[in-house]
Amino acid sequence: MSIMYGPPPADRNAQGNDDPRNPARGDAPLGAEGLPKRTASDSGTAPDTMADGAPALGRSARFFGERGTPSGFTGRAFTKAMGFTQEDLTKPVIGIAQTWSEFNNCNNHFRQLAEAVKRGVWQEGGFPLEFPTISLGEVHTQPTSMLFRNLMAMDTEEMIRAQPMDAVVLLAGCDKTTPAALMGAASADVPAIMISGGPMLNGRHDGKDLGACTDCGKYTAELRAGTIDADEYTAIEDAICRSAGSCMVMGTASTMASMAEALGMALPGNAAIPAPDSRRLQFAEMSGRQAVRLARTGLRPSHIMTEAAFENAIRVLMALGGSTNAVVHLVAIAGRLGIPVPLDRFDELSRQTPWLVNLKPSGEFQMEELFDAGGVPAVMKELAPLLRHEAMTVTGSTVGENLERFRVARRRDVIASREEPRSPEGGLAILRGNLCPDGAVIKHIAASPRFQKHRGQAVVFRSIDDLRARIDDPDLPVTADSILVLQNAGPVGAPGMPEVGFMPIPAKLLQEGVRDMVRISDARMSGTSYGTVVLHIAPESAIGGPLALVRDGDWIDLDVDGRRLNLDVPDGELARRRAEWKPAPLTFERGYRRLYQLHVTQAPEGCDFDFLRLPAGRPVGV
């Protein structure tokens, strides 16, 4: 296996890989697939140039190497004040972007994870320096972590730019930490590698597996319906999250960890190793070693996250039946590199890519079982004929070269074959129509079959507060065939596009046995949720999108197979309503939240800030 990185030079020669972790030997630990061989040439001496001809290790060498200047003297002296030596200052500096926080249960084990990374960096002849970035815990960050994803991306980018590191290791776990870190790294364009914290162990209660937070929503609905009591509910609450790590179903955290892997920004096996498993620490150590190699050779995010890489990631997303949130996040990451990823491309690839993975919330199993079955490498192995093999990865090899070393799935009940998929189409669909002219998203594999084509009358909630106030009103004029509509919950309107699209079923319908309804909004929903839920309607209602014009009793037509969502109201009536519509004043008058409302883009553009997306023709990293 080659140890070269980045766009391969013309005289690139393949080399054998006798590393004991090479899966070709048959004794590789799960999750270690594709690690490049460590050779004598990877010792502490750095080459003179990067793979693209740029000076190697220039950032730290310039900072620590200046002689006869106050800045050089001070940089060395203050670093030695922390107990480091002159010898340390001659090594490649590897930053470790730390997102540990006690307000983020998903990332609560990251101190230990960082120490494992440091071991790998030291082993490979590097100099690790850990630094904090914003940490976004999905549950504890209010009103929604999505409001602060762009802030974390800015923090990550600027700390990478500002500090003298030759490469950076991105520690990510909870939902928004992964896309934020990748967005920041893409914009800074310094060699980077991601390590995910891994999923929690399966919850266990009464002899059954529990999944956070698919079963959070399920059993909350059952409590509201009166089918379980408060004692049973508390017992489930105590049993569902029994270790550190992110949600153990195919929610947004596991989806985005898988996307980092499919994009080539993490070593193969990144997504599925459980957080408490010792192999997660082994994986972190290997990633630390790899970060030093990236620093020496100059393989950057812009070399890896190409159009081909995003196509691969979208196909893996569809095969996984992953979170709808990945659509917004992948578009945002690509936007930092000037790569357009229109919504129709997601739908086109979904039509061509089978759904293979049997995980909650759309299937039966959880991330522990996906790990046992071979993880994302086994999924990509199954998708091999559909993937772009030329895409480069942080292993220093292409996707095609990595695929040769990946194993086939070990459990067909978890990862179906391409010939006998769970569905011939991928897990997500993009809808169009007069209600969503710029698009909307639905996870149709998690929707009730009877609602895939449905006509119903709207029950409209004008805001999140209105929804909370009236959803359980016994006088609410709603039936099982109604369509719940939520307005003003998008990027600008909420603001921050919170995960409220998974609207609760009205209490009186729950008590009648109803467990799904058609629900539509300009909001998002948790990747752990399920049901017939149409999301990300664009343009959003707060800026005058057609969703703002919907009234109680209007007829709405949903046709998932036809990819249509239409409001059946005469044009003249819609024109009258539009003439009466007035935008609400912005919620915030100062600070970051004001900045957010003024500059956030719509869902099809990734909800990034307009001034952070890379303009056409501008070099990455400038």
Side-chain angles (χ1 to χ4, degrees), residues 23 33-34 250 254-272 304-324 326-327 329-331 333-334 339-359 362-363 370 373-395 397-430 441-445 560-561 563:
E33 289 89 341
M250 188 49 70
S254 291
T255 298
M256 292 312 300
S258 301
M259 294 300 94
E261 195 172 330
L263 284 168
M265 287 297 295
L267 292 178
N270 172 69
I304 295 169
M305 291 192 286
T306 61
E307 181 181 353
F310 282 99
E311 182 173 315
N312 288 342
I314 293 169
R315 286 196 185 275
V316 172
L317 169 66
M318 299 307 171
L320 291 171
S323 169
T324 51
V327 177
H329 297 320
L330 286 173
V331 171
I333 298 164
I339 300 172
V341 186
L343 289 186
D344 289 342
R345 187 59 174 153
F346 284 88
D347 199 66
E348 179 184 359
L349 293 173
S350 183
R351 293 279 200 184
Q352 301 168 7
T353 306
W355 172 36
L356 301 178
V357 179
N358 184 16
L359 260 60
S362 306
L370 180 62
V376 173
V379 178
M380 294 182 72
K381 184 77 169 181
E382 202 62 43
L383 294 175
L386 302 177
L387 297 178
R388 298 278 294 275
H389 289 209
E390 75 274 19
M392 183 54 62
T393 75
V394 291
T395 66
S397 299
T398 64
V399 165
E401 290 168 331
N402 289 343
L403 285 169
E404 293 175 4
R405 294 182 292 273
F406 292 169
R407 298 165 171 160
V408 298
R410 290 183 285 273
R411 289 185 56 176
R412 284 302 182 198
D413 58 337
V414 178
I415 303 173
S417 68
R418 199 174 62 260
E419 293 76 21
E420 297 182 72
R422 293 183 58 77
S423 171
E425 291 189 6
L428 308 181
I430 303 300
V441 181
I442 184 171
K443 183 188 280 191
H444 60 99
I445 60 170
V560 174
D561 286 344
R563 302 300 202 253

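Residue numbers start at 1 and run along the sequence shown. No experiment lies behind these values; they were computed from the predicted model shown.
- With a 4.5 Å cut-off on side-chain heavy atoms, M305 and F310 count as touching.
- The line from OG1 of T353 to CG of L386 is 5.5 Å long, rounded to the nearest 0.5 Å.
- Atom OG in S423 sits 9.5 Å away from atom CG in L356 (nearest 0.5 Å).
- Considering every non-hydrogen atom in both G363 and R422, the closest pair reads CA-NH2, 4.1 Å.
- Residues L428 and T324 are in side-chain contact: their nearest non-hydrogen atoms beyond the backbone lie under 4.5 Å apart.
- Counting only heavy atoms from C-beta outward, the side chains of L403 and M380 approach each other to under 4.5 Å.
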Please walk me through it: do M256 and H329 pass side-chain contact (heavy atoms from CB on, under 4.5 Å)?
-> CA-CA 8 Å; M256 292 312 300; H329 297 320; 3.7 Å; yes
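- Remark: the backbone N or O of I430 is paired with a side-chain donor or acceptor of D347 at under 3.5 angstrom.
- Partners of R345 according to the salt bridge (charged side-chain N to carboxylate O under 4.0 Å, His left out) rule, which considers only residues two or more places apart in sequence or in another chain, are E311, E348.
- Shown here for P421 and A416, the closest heavy-atom pair between the two residues is CA-CB, 4.1 Å.
- With R418 contributing its side chain and E382 its backbone, the two residues share a donor-acceptor pair below 3.5 Å.
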Please walk me through it: do V399 and R388 pass side-chain contact (heavy atoms from CB on, under 4.5 Å)?
-> CA-CA 7 Å; V399 165; R388 298 278 294 275; over 6 Å; no
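- Within a 6.0 Å radius of CD in E419, more than 12 heavy atoms belonging to other residues, nucleotides or ligands are found.
- Scanning all heavy atoms of the two residues, the minimum distance from N402 to P268 falls at ND2-CG, 4.4 Å.
- Rounded to the nearest 0.5 Å, atoms CG (N312) and CD (E307) are 11.0 Å apart.
- Between S417 and R412 the shortest side-chain heavy-atom distance falls below 4.5 Å.
- Atom OG in S254 sits 8.5 Å away from atom CG in L370 (nearest 0.5 Å).
- Formation of a donor-acceptor pair under 3.5 Å by the H389 side chain with backbone atoms of A384 is found in this model.
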Go through L343 and V327 one step at a time and tell me if the side-chain contact (heavy atoms from CB on, under 4.5 Å) criterion holds.
-> CA-CA 8 Å; L343 289 186; V327 177; 3.6 Å; yes
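- Considering only heavy atoms from C-beta on, R315 comes within 4.5 Å of Q352 through its side chain.
- Put simply, CG on L349 and CG on D344 are 11.0 Å apart, with the number rounded to the nearest 0.5 Å.
- No donor-acceptor pair closer than 3.5 Å links the side chain of T255 to the backbone N or O of A326.
- Contact of the L267 side chain with the T393 side chain is not registered, since no non-hydrogen atoms from C-beta on lie closer than 4.5 Å.
- When all heavy atoms are compared, the tightest approach of M250 to G322 is CG-CA, 4.0 Å.
- The two residues S258 and L320 make their nearest non-hydrogen contact at CB-CD1, 3.5 Å.
- No donor-acceptor pair closer than 3.5 Å links the side chain of S350 to the backbone N or O of F346.
- Taking every heavy atom of both residues into account, A391 and A308 meet most closely at CB-CB, 4.2 Å.
- Interatomic distance, CD of E404 versus NZ of K381, reported as 7.5 Å (0.5 Å rounding).
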